[in-house]
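Working notes for the structure below.
Chain naming here is simple, since letters A, B, ... match the order of the sequence lines and numbering starts at 1 in each.
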Amino acid sequence: MYQRQFQRIQPQTTAHLAQTMTLLSMNVDELNQEINRALAENPALVMKEERRCPGCGKLLSGNQICPVCSKPKSAQSDEAIVFLSPRSEFSYAKSAPDEDIYMDEVDNTDEVSLAEFILRQIAYDLENQDRIVAAYILNQVDEDGFLNENLAEIANYYHLPLSRIENVKRMIQHAEPVGVGSATPEEALMVQLEVINESNPVPPYYFDIIRMGFGVLSKKQFAQIAKALKISNTEAEKAVDFISKNLYPYPARAHWGNFRLPSEEKGQVYSHPDVIINHMNNDPTLPLVVEIITPTYGTLDINPLYKQAIKQSAEETKEDLKTDYEKANLLIKCIQQRNNTMQRLMEKIVHIQRAFIDQGEKFLEPITRAELSKELEVHESTISRAVSNKSVQLPSGQIIPMDLFFDKSLGIRSVLKEIIESENKDQPLSDTEIVDQLKSQGYPLARRTVAKYRSMEGILPAHLRKQERKGK
DNA sequence: CTATGGCACGGATT
DNA sequence: AATCCGTGCCATAG
């Protein structure tokens with residue numbers, strides 16, 4: 001039975017492969033867009049009503065039964081339940097474009113609605129002319145919330161003084177979500193910091209750190225920052241921590257969805273995790289619940305009317321209808337395949353990296369994509385695609401890039417951090433000494449490598465660590 | 001003279 | 001085929 005269905009799309013097998021590959025390498029946000037696009041332009045494709053678990057109210061995909069509620073309470077704590085979790089916060093366009101019911105869903109992801117959202121906040125305080133300018137600017141803002149347009153040109157076009165345009169831009173930037181309309185991530189951060197500063201004053205060097213640029217921030221180079229601004233290392237660390245926790249460089253993304261949790265570790269912000277890992281009922285003795293987020297709120301299906309239409313229509317239109325039908329069929333198959341791969345992959349990863357998930361970085365098992373691909377009997381590149389560009393939320397609330405599960409050195413780096421933290425601060429360990437320490441703990445490394453890891457973690461060299469101590 | 005960072009090479013990984 | 005990563009050598013700062 002499955003055989004036959006598969007046969008039908010055999011002639012397009014290369015297309016099938018190509019599409020599976022591209023879908024696999026997409027994260028939830030991108031997949032959401034892709035599905036919306038397909039829904040909009042292919043009449044054969046429809047979104048069926050959502051189905052919820054009668055027990056817990058979770059959205060279910062396809063014919064699946066709720067994996068959480070169907071699990072007996074006596075489940076082993078080392079088990080993990082991996083399942084697909086459709087999310088209602090992903091809005092999709094209904095097949096009939098004239099409907100705007102979905103607009104009053106909680107979140108508005110469209111640029112249009114973001115623009116409207118902001119415009120409503122500031123419209124009262126603007127004169128008519130300025131309102132037009134504001135509308136224009138908001139329409140030029142890209143999906144991250146940035147404005148790449150030259151203000152002087154806008155001023156020219158509307159025959160208004162530049163200062164007036166700047167004023168409008170300022171108002172947009174200060175409206176929620178704060179920072180939209182900036183030209184760069186740095187500018188957005190500046191605006192956000194200014195706003196915070198008005199109610200809760202922050203030390204002035206916070207601004208200087210942002211001026212140093214986004215790159216320094218995301219790499220967490222405390223040492224450099226401290227040196228350049230003549231502040232202590234801990235002050236620098238505190239500042240960067242504050243910034244990554246309270247500010248968000250892509251203002252429009254942060255507004256999108258309500259559960260933004262900045263990844264503290266990397267100083268980067270991921271808006272929607274692709275996978276969420278939790279303990280059942282937040283109880284660490286219960287099994288893990290692994291949700292693979294899918295943007296299909298409801299189920300994708302072939303429009304039943306469409307099949308009839310094909311039979312009844314005249315010969316010449318039949319062909320067109322048929323290609324639509326096959327395209328839709330293909331997409332559904334590919335998405336299923338993607339889901340299946342993700343599910344199998346996460347099952348393996350969670351099993352292997354269980355210690356890491358429960359107990360932290362130190363226990364990250366060094367594993368390569370190649371090894372995993374053998375176990376799962378898929379091609380290496382499949383794993384690569386499935387893993388890249390995706391993010392995972394851990395039970396701790398941290399959001400990490402999925403690549404991290406394959407980071408060979410992270411485990412060692414965290415041991416290194418421990419060693420340095422517990423060292424005698426008056427006589428800091430030199431790199432050579434750290435090599436010995438690590439070797440005795442079962443991590444043979446070259447001296448040069450220790451130095452690399454140290455700088456990756458933003459830890460100063462031995463002689464400077466001593467100074468740091470004095471300065472305090 | 002020692003500790004460290006820069007550059008570049010080679011092997012592994014993607 | 002391209003990229004990443006560990007490592008060795010060498011220059012330089014302390």
Counting only side-chain N and O atoms of A:Tyr453, is one of them less than 4.0 Å from OP1 or OP2 of C:dG6?
yes
Going by number, which of residues 365-380 of chain A have a non-hydrogen atom under 4.0 Å from DNA chain B?
A:Thr368, A:Arg369, A:Ala370, A:Glu380
I need the CG-P distance between A:Asp403 and C:dC4, as an integer number of Å.
11 Å
To the nearest 0.5 angstrom, please state how far the NZ atom of A:Lys452 sits from the CD atom of A:Glu457.
14.5 Å
Over how many whole Å does the gap from A:Phe406 atom CZ to C:dC4 atom P extend?
17 Å
Please set out all donor-acceptor pairs under 3.5 angstrom arising from side-chain atoms of residues 432-439 of chain A, sequence neighbours excluded.
| residue | atom | partner | partner atom | Å |
| --- | --- | --- | --- | --- |
| A:Glu433 | OE1 | A:Ser430 | N | 2.7 |
| A:Glu433 | OE1 | A:Ser430 | OG | 3.3 |

Atom-to-atom span, NZ of A:Lys439 to P of C:dG6 - whole angstrom
17 Å
Please list, chain by chain and in numerical order, all residues satisfying ring pair (Phe, Tyr, Trp, His ring centres under 6.0 Å) with A:Tyr453, sequence neighbours excluded.
none
Minimal non-hydrogen separation, A:Leu23 against A:Glu34, with atom names:
CD2-CG, 4.0 Å
Test salt bridge (charged side-chain N to carboxylate O under 4.0 Å, His left out) applied to A:Asp431 - qualifying residues, sequence neighbours left out
A:Arg454
Side-chain donor-acceptor pair under 3.5 Å between A:Glu291 and A:Gln393, yes or no?
no
Encode nucleotides 1-6 of chain B as B, S and - characters from 5' to 3', where the letter depends on protein heavy atoms closer than 4.0 Å: B to the base, S only to sugar-phosphate, - to neither.
---BBB
What is the distance, to the nearest angstrom, from the CD1 atom on A:Ile412 to the C1' atom on C:dC5?
12 Å
Just the rounded figure in Å: distance from C1' of C:dC4 to CG of A:Leu410.
16 Å
Across the strands shown, which category fits A:Ser409 at heavy-atom distances under 4.0 angstrom: base, sugar-phosphate, nothing?
sugar-phosphate
Expressed in angstrom and rounded to an integer, what is the separation of A:Lys408 atom NZ from B:dA12 atom P?
10 Å
Would you kindly give the CG-to-P distance between A:Leu445 and C:dG8, to the nearest whole Å?
11 Å
Does atom CD of A:Glu377 have more than 12 heavy-atom neighbours from other groups under 6.0 Å away?
no
Exactly one candidate in A:Ile35, A:Leu39, A:Asn303, A:Asp301 meets side-chain contact (heavy atoms from CB on, under 4.5 Å) with A:Leu45; the answer is A:Leu39
Looking at residues at least two apart in the chain, or sitting in another chain, which of them share a side-chain contact (heavy atoms from CB on, under 4.5 Å) with A:Asn340?
A:Arg344
